[in-house]
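Here is the naming used below: chain letters follow the sequence lines, and residue numbers restart at 1 for every chain. Everything numeric here is computed off the predicted structure, so don't read it as measured data.
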Amino acid sequence: MDLATTGLTGAAYWLPIVWAVLAAAAIFIYIVLDGFDLGLGMLFLAEPDKKHRNIMIQTVAPVWDGNETWMIFGGAALYGVFPNAYATILPALYLPVLIMLFALILRGVGFEFRSRMHTEQTRNLWDIGFCLGSFVATFMQGIILGTLISGIKIENNAFAGSSFDWLAPFPLFCGLAVACGYALLGATWLIWRTESDLQATMRRWAGFLSLAMLGMIAAVSVWTPALHATYMQNWTTWPRILYVAPVPVAVITLALVMFQALRGKTSRRIPFFCALGWFFLAFSGLGINIWPYIVPPSMTIWQASAPPASQTFLLVGAAVLLPLILSYTAFAYHVFRGTVNEHSESYH
Amino acid sequence: MNPEFILRYFLHTIRNNVLNNKYSLNIYMIRPKKTTHIPVFSNRSNPVTGADALFLARLQFAFTVGFHIVFPAFSIGLAAFLAVLEGLWLKTDKQVYLDLFQYWLRAFSIVFGMGVVSGLVMSYEFGTNWAQFSQKAGPILGPLLGYEVMTAFFLEAGFLGIMLFGMNKVGKKLHFFATCVVSLGTLISMSWILSSNSWMQTPRGYAIEPGTGRFIPENWWAIVFNPSFPFRLTHMALAAFLSVAFVVGGVGAWHLLRAKRSGNQPTEAVKVMFSMAMWMAAIVGPLQILAGDAHGLNTLKYQPAKIAAMEGDWNSEGYAPELLFGIPDMENEVTNYKIAIPYVGSLILTHSLSGKVPGLKDYPKDQRAPSYVVFFSFRIMILLGVLMAATGLFSLWLRRKGALWTNPLLLRAALFLTPAGFIALLCGWVTTEVGRQPFTVYGLLRTTDSVSPVPGASIGFTLAAFVAVYFIVFASGIGILLRGFAEEPHQGETGPDAHHPQRAASMASAVSDTAAAGHTGSGE
């Protein structure tokens, strides 16, 4: 870290750090917001009852557009703030990124199209598209994350690996882990926002998915440090171990709260926030691992950065606009709050 | 601010200004030293990319942008139309405006959705297909895109839910506010994206970093308000409004013709819709021709090589003819099968008969845009623009005669021109983007030096997938839109519905719903 920053002072040193934190926050907000609606999509076909499917859709129909906008923001911010990372990661992950985009297209229009179909068959087809699109998009996000953690080969400031570097055990496992995690977010979101039968079904799903997710968190935690020596150091050297030791403890505490809440019939919100808690812990764990690299193992946030003039220009806007965006997003959620059931008219 | 930065900035400004005034700008941009830098990230030696990969990357990008661009344009025009309709409803309390609002809102939800998903692709495709371009121009264009997302996309998405589904959750006033905000969002978004596109055509306010070839922002004001931006923005905004005017007019004409054929009186809603569309055509159509002319003069000033390619002119000359037709031959430097009107070329471009127009031979062969593409795309755009303006003016005349809703020629013309706005818009886009070739950043960064190190096979595979996915998605979407348009706006129309597809058929529930929508206050 010290090597990479030699000679950088003032804005050129601090701006990338500020932006790295902001970017991490934006990615986490994306996970919080889009995670459950992708997860809901994955659980869509598991629910055979058409009325239930409509209810599921209705819990996210007014807000999914905004959720997905955070992904567009991620792309744009990376492009403007860390252009070298943008120009390295995207060619390196060309196929997974594009497959993810195809999947997001299918599921995005599925929202609108399925209710406009006149026959049962075409409607079912778009239901399948919606579910499959949600799964593939999520799986690819996991693969992208996994490949990034495994490291991307760079020569001369450009991607120098092969087209299929991402087709390896660790990225594929990450794909499954993220899919499992988003499905859990989806299930717990539905526990919060729905009632009776559908809610009971989702409680069962959430229990099963929680167990699976705990297993996968454990597996990734053991697997990741084995990938690179520097990752290992983050978790085993003194005093760094002090920062990370509470993480496993927190994961287990959340698990206790989660299972308690799932067994009780009254708590509707707690499971969703427990699942988010797991995501937060896993996400910050990974952040600690790769810091200060943005494209491990060789490109740091400073090497990836746009000139300070670009970062400052966008930072001024972000400082003013992001709080505003968060507040009107919260307002939109507030307008459509409350549980949805088959008797609640659609939004008219 | 450190002193060195200020000094550099002043030197740069002075240099730019002096040069701009002294020579025509293109000489400064196309010819001298600045064209031959950018050594560092160049990957021409990289074996995985070649001419094929570049061609496929361009084809894929053009295909995806071409599909995308139609939907934001549709959203821009339609959102403004919806805001006007809802405003009229609130002001006059006439049911017909609410019916029309709900009718077009259903289309809007589809159009907007398709715009979002195809736009999502764009925000990553700069990196997947144009990595070198992103590295070099990212410091300038990335923040502009970032601002677009923060000031427009979030705004639209945040209020879209309320606009689509919130009528009886938030009350009339707040709902109208949401509609206006969505419309405003589409306009803001257009401004940012056209600013960045214009910067690629007429770059200003930058310096080039020695060693890396990156564009470093020096003056954001100059970057955003670069010379072609105001012209391009006006031209595009009018194009979006005109496109939607002809979609609305076409749907109206279809129902007027159908009513006529079956011997029924057309409904109030259909008449209002057609009348509003024709007002728009009559006003915006001629305005667009003026705006296009101004944009053309701007292009002549800053990108004369593009004008030469658009006109198929090889020699720079005064008293130049305007070619109605011809087939430009880049190899032999000649335009064959010409049909020309004497002097009109100079007249249109310079507003004088003797004015000198540029010729392609003024520029080295490797700096010429493919004339055989832009020559035709430009002419198709002009033809459609003139037809649309003429239709608008014709409708004014008929309106005075009281034959607006009955004249078969106008109705058929309006029906025939339903997609004309979009076709003209796409042709205009092809003209300006292909006309910028062989550069991505005009005069400074070549398209061949912009591409990603991705093998042609990957791009070919994803191009095929794009074609397949877009065909399914957009064919379905357009099918849904057309099916919706085939129905007349009903009294007590319902808007987009999260899960009841055939609600419009059930009159009783529709009416009671609208009543509720009209009179419920806020809250649950």
Checklist entry - Heavy-atom distance under 4.5 Å between the side chains of B:Phe153 and A:Glu68, does that happen here? => result no
Checklist entry - Who wins among A:Trp70, A:Phe331, A:Phe102 for the most heavy-atom pairs under 4.5 Å with chain B? => result A:Phe102
Checklist entry - Are A:Leu98 and B:Phe461 side-chain neighbours, meaning at least one heavy-atom pair lies under 4.5 Å? => result no
Checklist entry - Who wins among B:Gly484, B:Ala468, B:Ala457, B:Ser458 for the most heavy-atom pairs under 4.5 Å with chain A? => result B:Ser458
Item to check | Counterpart residues, salt bridge (charged side-chain N to carboxylate O under 4.0 Å, His left out), relative to A:Asp34 (two or more places apart) | outcome: none
Checklist entry - Relative to chain A, which segment of B:Val469 carries a heavy atom at a distance below 4.5 Å: side chain, backbone, both, or neither? => result side chain
Checklist entry - Rounded to the nearest 0.5 Å, how far apart are CD of B:Glu156 and CG of A:Asp65? => result 9.0 Å
Next on the checklist: Is B:Leu174 in contact with chain A via its backbone, its side chain, both, or neither, using a 4.5 Å heavy-atom distance?
Outcome noted: side chain
Item to check | Toward chain A, the part of B:Phe466 with a non-hydrogen atom under 4.5 Å | outcome: both
Checklist outcome for this item: Heavy atoms of B:Met150 and A:Gly317 approach each other most closely as CE-C, 3.9 Å
Item to check | chain B contacts, top residue of A:Gly66, A:Pro91, A:Ala85 (heavy-atom pairs, under 4.5 Å) | outcome: A:Pro91
Next on the checklist: Testing the basics here: between A:Pro307 and B:Arg214, what is the closest heavy-atom pair and its distance to 0.1 Å?
Outcome noted: CD-NH1, 3.7 Å
Item to check | Interchain contact, B:Leu160 with chain A, by part (heavy-atom threshold 4.5 Å) | outcome: side chain
Checklist entry - Closest approach of A:Tyr79 and B:Leu145, non-hydrogen atoms and distance? => result CD2-CD2, 3.6 Å
Item to check | Residues A:Tyr94, B:Thr462; criterion side chain to side chain donor-acceptor pair (under 3.5 Å); working and verdict | outcome: CA-CA 9 Å; A:Tyr94 186 83; B:Thr462 53; 3.1 Å; yes
Checklist entry - Using non-hydrogen atoms only, which part of A:Ala318 is less than 4.5 Å away from chain B: side chain, backbone, both, or neither? => result both
Checklist entry - Taking side chain as C-beta onward, heavy atoms only, is A:Leu321 less than 4.5 Å from B:Phe154? => result no
Next on the checklist: Just so I understand: if I count every heavy-atom pair under 4.5 Å between each of B:Gly127, B:Gly113, B:Gly138 and chain A, which residue has the most?
Outcome noted: B:Gly127
Next on the checklist: Sub-4.5 Å heavy-atom contacts with chain B: which residues of residues 322-330 of chain A show up?
Outcome noted: A:Leu322, A:Ile325, A:Tyr328
Checklist outcome for this item: Here the gap from A:Leu90 atom CG to B:Phe126 atom CZ, rounded to the nearest 0.5 Å, amounts to 11.5 Å
Next on the checklist: Let's go through B:Glu148 and A:Phe73 carefully: what are the C-alpha distance in whole Å and the side-chain angles of both, what is the deciding distance for side chain to side chain contact (heavy atoms under 4.5 Å, CB included) to 0.1 Å, and is it a yes or a no?
Outcome noted: CA-CA 9 Å; B:Glu148 182 186 14; A:Phe73 181 63; over 6 Å; no
Next on the checklist: With heavy-atom distances below 4.5 Å as the criterion, would you say the side chains of B:Leu120 and A:Ile105 are in contact?
Outcome noted: no
Next on the checklist: Less than 4.5 Å to any heavy atom of chain B: does that hold for the side chain of A:Phe82, its backbone, both, or neither?
Outcome noted: neither
Checklist outcome for this item: Between A:Phe313 and B:Pro143 the two heavy atoms that sit nearest each other are CD2-CB, 3.8 Å
Item to check | Nearest non-hydrogen partners of A:Trp126 and B:Ser476, listed with the distance | outcome: CZ2-OG, 3.4 Å
Checklist entry - Side chain, backbone, both or neither: which part of A:Ser305 has a heavy atom under 4.5 Å from chain B? => result backbone
Checklist entry - Checking heavy atoms, do the side chain of A:Leu95, its backbone, both or neither come under 4.5 Å from chain B? => result side chain
Item to check | More than 12 heavy atoms from other groups under 6.0 Å of CZ on B:Phe63 | outcome: yes
Checklist outcome for this item: Applying a strict 4.5 Å limit to non-hydrogen atoms, the region of B:Ile480 in contact with chain A is side chain
Checklist outcome for this item: Rounded to the nearest 0.5 angstrom, the OH-CE distance for B:Tyr124 and A:Met71 is 4.0 Å
Next on the checklist: For the interface with chain B, which of A:Asn67, A:Ile72, A:Val320, A:Leu93 has the highest count of heavy-atom pairs at distances below 4.5 Å?
Outcome noted: A:Ile72
Item to check | Heavy-atom contact with chain B under 4.5 Å, split by part of A:Val63 | outcome: neither
Item to check | From OG1 (B:Thr128) to CD1 (A:Ile89), nearest 0.5 Å | outcome: 13.0 Å
Checklist entry - What's the shortest heavy-atom distance between A:Met117 and B:Arg483, and which atoms? => result CA-NH2, 4.3 Å
Next on the checklist: Only pairs of heavy atoms separated by less than 4.5 Å count here; which of B:Leu155, B:Leu144, B:Ile472 has the most with chain A?
Outcome noted: B:Leu155
Checklist entry - Is the shortest heavy-atom distance from the side chain of A:Ser310 to the side chain of B:Pro217 under 4.5 Å? => result yes
Checklist entry - So, do A:Arg116 and B:Ser109 sit near enough that their side-chain heavy atoms are less than 4.5 Å apart? => result yes
